[in-house]
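Numbers here are sequence positions counted from 1. The structure displayed is predicted, hence computed values, not measured ones. These values consider heavy atoms only, across backbone and side chains, with no hydrogens, waters or symmetry-generated copies.
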Amino acid sequence: MTAAAPTDADLIAAHASGDPHAFSELVRRHRDRMWAVALRTLRDPEEAADALQDAFISAFRAAGNFRAESQVTTWLHRIVVNACLDRVRRRQARPTVPLPETGVNEPATPRDSMADRETRLVIKEALAQLPEDQRMPIVLVDVEGYSVSETAKMLGIAEGTVKSRCARGRAKLAKVLGHLRNPDALANVPTPESKRERGGRSGAQREREGR
């Protein structure tokens, strides 16, 4: 009979007690998801990789202070988001770098269909167009599934601010991504050529009818 795998909280406690392998296992479990959060937040693979490294160093050092008042994943998310915010505050203005389909060390998804991959890329690019203060709440609430309350605690802002920023961000995304909901919308928009063609047919029809 095999022993049950240790929980995240067990690994944190083991690490705090001096287990040299516990934290590495915690990183192995959650690195991919934390990477996704950092990449969506910062848009730059190099910046995201550096922020993730900073976050795990901070988590390594702060693990002894973890009090299990929240899930380990929530605690890690908060540290990653804070590391991203620190980088946003420190970095100087630079040209926007489009999100690549696959970033450095980003988990590959070879079995995904081309359409799904293209859709994800479009969504990433749409998120990249949002201001930093709107993108972070959107990523945490709509992408990662955290509640408004949890997101407010992670970002250190009021719940009402999270709601208003999400609302503004969603309104902008709706404009950019509207074609994903109704891909035939553009096809149904009349062009000048189609209007002329309809006008010509109507004129010919009127002549046949003696009008």
Side-chain angles (χ1 to χ4, degrees), residues 5-94 96-97 99-100 102-109 120 123-124 127-128 130-157 161-162 165-166 169:
T7 65
D8 290 345
D10 291 338
L11 291 173
I12 287 286
H15 167 68
S17 298
D19 186 329
H21 306 294
F23 194 79
S24 296
E25 172 61 19
L26 195 68
V27 171
R28 186 193 66 78
R29 289 183 183 182
H30 301 294
R31 188 185 188 285
D32 288 353
R33 187 174 179 184
M34 298 302 127
W35 160 260
V37 172
L39 184 60
R40 292 189 187 105
T41 302
L42 293 172
R43 299 176 292 167
D44 184 322
E46 292 185 5
E47 286 277 314
D50 289 342
L52 190 62
Q53 179 175 322
D54 292 345
F56 279 132
I57 290 173
S58 296
F60 183 92
R61 293 171 176 170
N65 297 324
F66 180 71
R67 294 291 178 264
E69 296 174 354
S70 62
Q71 295 292 325
V72 172
T73 51
T74 302
W75 176 73
L76 285 174
H77 267 81
R78 186 180 299 117
I79 293 175
V80 171
V81 169
N82 285 337
C84 291
L85 287 171
D86 287 342
R87 292 210 158 254
V88 169
R89 296 186 189 105
R90 291 200 304 264
R91 71 186 182 185
Q92 297 177 347
R94 63 185 66 178
T96 300
V97 180
L99 278 172
T102 303
V104 179
N105 297 326
E106 186 176 9
T109 53
R120 283 201 308 277
I123 293 173
K124 284 182 180 180
L127 284 171
L130 294 179
E132 303 280 0
D133 64 337
Q134 293 174 16
R135 185 170 64 254
M136 290 182 182
I138 288 283
V139 167
L140 291 172
V141 175
D142 293 342
V143 180
E144 295 299 319
Y146 283 95
S147 68
V148 170
S149 176
E150 291 170 328
T151 299
K153 291 178 181 178
M154 288 183 191
L155 298 179
I157 57 180
T161 304
V162 172
R165 290 180 181 178
C166 282

A.B. asks: If you look at every heavy atom in A38 and C84, which pair is closest and at what distance?
C.D. replies: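 Reported closest heavy-atom pair: CA-SG, 3.7 Å.
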
A.B. asks: Kindly give the heavy-atom pair with the smallest separation between A22 and L11, and that separation in Å.
C.D. replies: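 So the minimum-distance heavy-atom pair works out to CB-O, 3.4 Å.
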
A.B. asks: Got a second to check how far C166's SG is from R135's CZ, nearest 0.5 Å?
C.D. replies: 13.0 Å

A.B. asks: Please give me the minimum heavy-atom distance between P6 and R29, naming the atom from each residue.
C.D. replies: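 Closest approach of P6 to R29: O-NH2, 2.6 Å.
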
A.B. asks: Quick one: sort the H15 and F23 rings into parallel, tilted or perpendicular, breaks at 30° and 60°.
C.D. replies: tilted

A.B. asks: Would you compute the distance between atom CD1 of I12 and atom CG of D19 and round it to the nearest 0.5 angstrom?
C.D. replies: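 CG of D19 is found 11.5 Å from CD1 of I12.
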
A.B. asks: Considering all heavy atoms of both residues, which atom of L42 and which atom of V88 are nearest to each other, and what is their separation?
C.D. replies: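 Shortest heavy-atom contact: CD2-CG2, 3.6 Å.
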
A.B. asks: Is a side-chain donor or acceptor of D10 paired with a backbone partner of T7 at a separation under 3.5 angstrom?
C.D. replies: yes

A.B. asks: Mind listing the closest non-hydrogen atom pair of T161 and I157 along with its distance?
C.D. replies: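 Closest approach of T161 to I157: CG2-CD1, 4.0 Å.
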
A.B. asks: Tell me, please, which residues at least two apart from D50 pass side chain to side chain contact (heavy atoms under 4.5 Å, CB included).
C.D. replies: R87

A.B. asks: Does some side-chain heavy atom of L52 sit less than 4.5 Å from a side-chain heavy atom of R31?
C.D. replies: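 Sidechains of L52 and R31: in contact.
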
A.B. asks: With sequence neighbours left out, write down each residue that passes salt bridge (charged side-chain N to carboxylate O under 4.0 Å, His left out) with R61, or none if nothing qualifies.
C.D. replies: none

A.B. asks: Do E150 and K153 sit within salt-bridge range, that is, some charged N less than 4.0 Å from a carboxylate O?
C.D. replies: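 No, E150 and K153 are not salt-bridged.
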
A.B. asks: Any side-chain heavy atom of L140 sitting closer than 4.5 Å to one from V81?
C.D. replies: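 Yes, side chains in contact.
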
A.B. asks: Between R40 and I138, does the side chain to side chain contact (heavy atoms under 4.5 Å, CB included) criterion hold? Intermediate values first, please.
C.D. replies: CA-CA 10 Å; R40 292 189 187 105; I138 288 283; over 6 Å; no

A.B. asks: Show every donor-acceptor pair shorter than 3.5 Å between a side-chain atom in residues 71-78 and any protein atom, with sequence neighbours excluded, or say none if there are none.
C.D. replies:
residue, atom, partner, partner atom, Å
H77, ND1, T73, O, 2.9
H77, ND1, Y146, OH, 2.9
H77, NE2, E144, OE1, 3.4

A.B. asks: To the nearest 0.5 Å, how far apart are CZ in R165 and OG1 in T151?
C.D. replies: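 Rounded to the nearest 0.5 Å, the CZ-OG1 separation comes to 12.0 Å.
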
A.B. asks: Show, in sequence, the C-alpha distance, side-chain angles and deciding distance for D54 and D86, and conclude whether the side chain to side chain contact (heavy atoms under 4.5 Å, CB included) test is met.
C.D. replies: CA-CA 10 Å; D54 292 345; D86 287 342; over 6 Å; no

A.B. asks: Rounded to the nearest 0.5 Å, what separation is found between the CG atom of L26 and the CZ atom of F56?
C.D. replies: 7.5 Å

